[in-house]
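Just so we're clear, the structure is a prediction, and the values are computed from it rather than from any experiment. Below, all heavy atoms of this structure are taken into account, side chains as well, without hydrogens, waters or symmetry copies.
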Amino acid sequence: MSLITTIILITLILSVILATVSFWLPQMNPDYEKLSPYECGFDPLGSARLPFSLRFFLIAILFLLFDLEIALLLPLPWGDQLASPLLTFLWASAVLILLTLGLIYEWLQGGLEWAE
């Protein structure tokens, strides 16, 4: 019991020390960009009807798609404990093949080209 108490005490002390140092250590030099609530590069006081580049939207959609792929394939290592691990492997392979074919199609169509 003494070992567990010592470990908990050390982690608490270390956490408190690191938290206080992290509040004292950084240099706070706020400027106009840091104080602005917008991070997209648009002027927050300008018109809200500015044209939006479709390339940014495409990159965001591709990021979400491959992020979703990771979320779908994350439980795959535990799939071998199911009744039919071969079926789990086939479904995961189908998802990967479908996303790879979609990426190849997007690449061949020139959708990933940033500059024309």
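One distance of note links CD1 of Ile10 with OG1 of Thr5; it measures 11.0 Å at 0.5 Å rounding. We find the CG-CG distance between Leu68 and Leu73 to be 9.0 Å, quoted to the nearest 0.5 Å. The OG1 atom of Thr11 sits 8.0 Å away from the CD1 atom of Ile7 when rounded to the nearest 0.5 Å. Here the straight-line distance linking atom CG of Leu108 with atom CG of Leu103 works out to 9.5 Å at 0.5 Å rounding. Atoms CG and CD1, on Leu3 and Ile8 in that order, are 10.0 Å from each other to the nearest 0.5 Å. Interatomic distance, CG of Leu25 versus OG1 of Thr20, reported as 10.5 Å (0.5 Å rounding).
Checking Leu99, Thr100, Leu101 one by one against Ile97, the side-chain contact (heavy atoms from CB on, under 4.5 Å) holds for a single residue, Leu101.
Side-chain heavy atoms closer than 4.5 Å link hydrophobic residues (I, L, V, M, F, W, Y) into clusters, and following such links, possibly through other members, connects Val95 to Leu65. Transitive grouping of hydrophobic side chains (ILVMFWY, heavy atoms separated by less than 4.5 Å) keeps Leu90 and Leu96 in distinct clusters.
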